[in-house]
Number of protein chains: 2
Amino acid sequence: MGEVSIPIGKLARSVGCKVQTIRYYEQIGLLPPPTRTAGAQRRYGEGHRQKLSFIRHARELGFPLPAVRELLALSDETDSDCAKADRIARRQLEAVNRRIAMLSSLRSELERMLRHRHGHRIRDCRVIATLADHTLCSQDHHAELAES
Amino acid sequence: MGEVSIPIGKLARSVGCKVQTIRYYEQIGLLPPPTRTAGAQRRYGEGHRQKLSFIRHARELGFPLPAVRELLALSDETDSDCAKADRIARRQLEAVNRRIAMLSSLRSELERMLRHRHGHRIRDCRVIATLADHTLCSQDHHAELAES
DNA sequence: CTAAAACCTATAGTGACTGGAGCTTCAAGC
DNA sequence: GCTTGAAGCTCCAGTCACTATAGGTTTTAG
Ligand SMILES: [Zn+2]
Ligand SMILES: [Zn+2]
Ligand SMILES: [Zn+2]
Ligand SMILES: [Zn+2]
């Protein structure tokens, strides 16, 4: 257990996030508090680095923090059934699929808006006309912009 | 000019947004302030309804509020060249394309994580293993989740 | 020993709304 | 004209996941 005593800046660089992000994760109870020096500076061990890396990876895959929290807890119960982890991942996959579907219909609408001759005036502009009257839209993009 | 005097709730229902959203748009100077009754309740005209509908439509297409503000201003200058409107729309299309690309790579990573037999334990779970070690990722999804 | 770099806490800000408390006004039925 | 319930009002806090700043302290390399 030669705990390696990593200062926060080095830890941040090693996982590719901001120093404040690490302090924020500690504040919301996602990352356990590290030891402190006599002058109250944080010193992390290898376990912290792994947990933080796990968190950042899950965030990069778009999992919201509550899901990350669950996955992190599960990752410690190595004997449990993984059905729960799989369910969380599947839910995230569905959310990603919904967002892709949404964005695809937005894309085709934007492309349709832009498919017109240029150099004309606003009164004939299809971009402005479409925004002013959504019956000019072909697809039904009209739904909530569900965030991942 | 028989201004129709629509109360805020009816206006909200007619464009499919919340009452608070309308007040918020007024507060940030996006929607002009309406007339008020003697008791200080808002009463809108048809012009307001059109502007608000334009704003909501642009938002549904994912334009951020600063872009909506520009587009709204342009929509009043019917004689101007529409190059600027087109540029804003094209920028938005590019943002949408970036997001779709990002989400597609997230999707395939999530699908890869989930493609394993079920009924096993956490210690063998590919979902958890992948999160713990991103070298198990095939694609390079590791980038910022650029918001639209 | 000095000076710069890194660290600390606390607070506020981001975008685009959303929700609530506590009050007032409006409109319909009687 | 009166009652009553729906709808409106202002102001403020909360959402999510950070990010930035101010103003101070600690560490570390030279
Ligand atoms: Zn145009
Ligand atoms: Zn539309
Ligand atoms: Zn599994
Ligand atoms: Zn990965």
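Computed from a predicted model, the values in this text were never measured in an experiment. Just so we're on the same page: letters track the sequence lines, and every chain starts at 1.
Atom C1' of nucleotide dG15(C) and atom CG of L30(B) are separated by 13 Å, given to the nearest angstrom. The distance between atom CD1 of I6(B) and atom P of dA27(C), rounded to the nearest whole Å, is 14 Å. Atoms CZ (R13(A)) and C1' (dC7(C)) sit 12 Å apart, rounded to a whole Å. The CG-P distance, from L52(A) to dC18(D), rounds to 11 Å in whole Å. One atom, CZ of R56(A), and another, C1' of dC18(D), lie 9 Å apart when rounded to the nearest Å. In this structure, the CD1 atom of I22(B) is 10 Å from the P atom of dC9(D), given to the nearest Å. As rounded to whole Å, 19 Å separates atom C1' of dG20(C) from atom OH of Y24(B). Atom CD in Q27(A) sits roughly 14 Å away from atom C1' in dC16(D) (whole-Å rounding).
Comparing L65(B) and Q20(B), the nucleotide of DNA chain C nearest to each residue sits closer to the 5' end for L65(B). Sequence order on DNA chain D of the closest nucleotides to P7(B) and R43(A) puts P7(B) first from the 5' end.
Linking Ile, Leu, Val, Met, Phe, Trp and Tyr whenever their side-chain heavy atoms come within less than 4.5 Å leaves L136(B) and L74(A) in two separate clusters.
The phosphate of dC18(D) (OP1 or OP2) has a side-chain N or O of Y25(A) nearer than 4.0 angstrom. Side-chain N/O atoms of T37(B) include none lying less than 4.0 angstrom from OP1 or OP2 on dG8(D). Contact annotation: K18(A) side-chain N/O to dA20(D) OP1/OP2 distance is under 4.0 Å. Side-chain nitrogen and oxygen atoms of T21(B) include at least one within less than 4.0 Å of the OP1 or OP2 phosphate oxygen of dT18(C). For R23(A), no side-chain nitrogen or oxygen approaches OP1 or OP2 of dA10(C) to under 4.0 Å.
Ion pairing between a basic and an acidic side chain is recognised when a charged N comes within 4.0 Å of a carboxylate O; E46(B) and R49(B) show such pairing. Taking the charged nitrogens against the carboxylate oxygens, E109(B) and R112(B) do have a contact shorter than 4.0 Å, which makes a salt bridge.
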L65(B) vs Y24(B), side chain to side chain contact (heavy atoms under 4.5 Å, CB included): CA-CA, chis, key distance, verdict: CA-CA 12 Å; L65(B) 280 186; Y24(B) 170 71; 4.0 Å; yes

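Note on R42(A): only backbone sugar-phosphate atoms sit closer than 4.0 angstrom, heavy atoms only; bases stay farther off.
In the interface, the side chain of Q41(B) is not paired with the base of dA7(D) through any donor and acceptor atom under 3.5 Å apart.
Ring pair H116(A)/H120(A) is tilted by interplanar angle, where 30° to 60° counts as tilted.
When the nucleotides dA17(D), dG8(D), dT19(D) are ranked by their closest atom to the side chain of P66(A), dA17(D) comes out on top. Considering only side-chain atoms of I8(B), the nucleotide from dC9(D), dC7(C), dC17(C) that sits closest is dC9(D). In this structure, the nucleotide among dC9(D), dC8(C), dT18(C) sitting nearest to the side chain of R36(A) is dC8(C).
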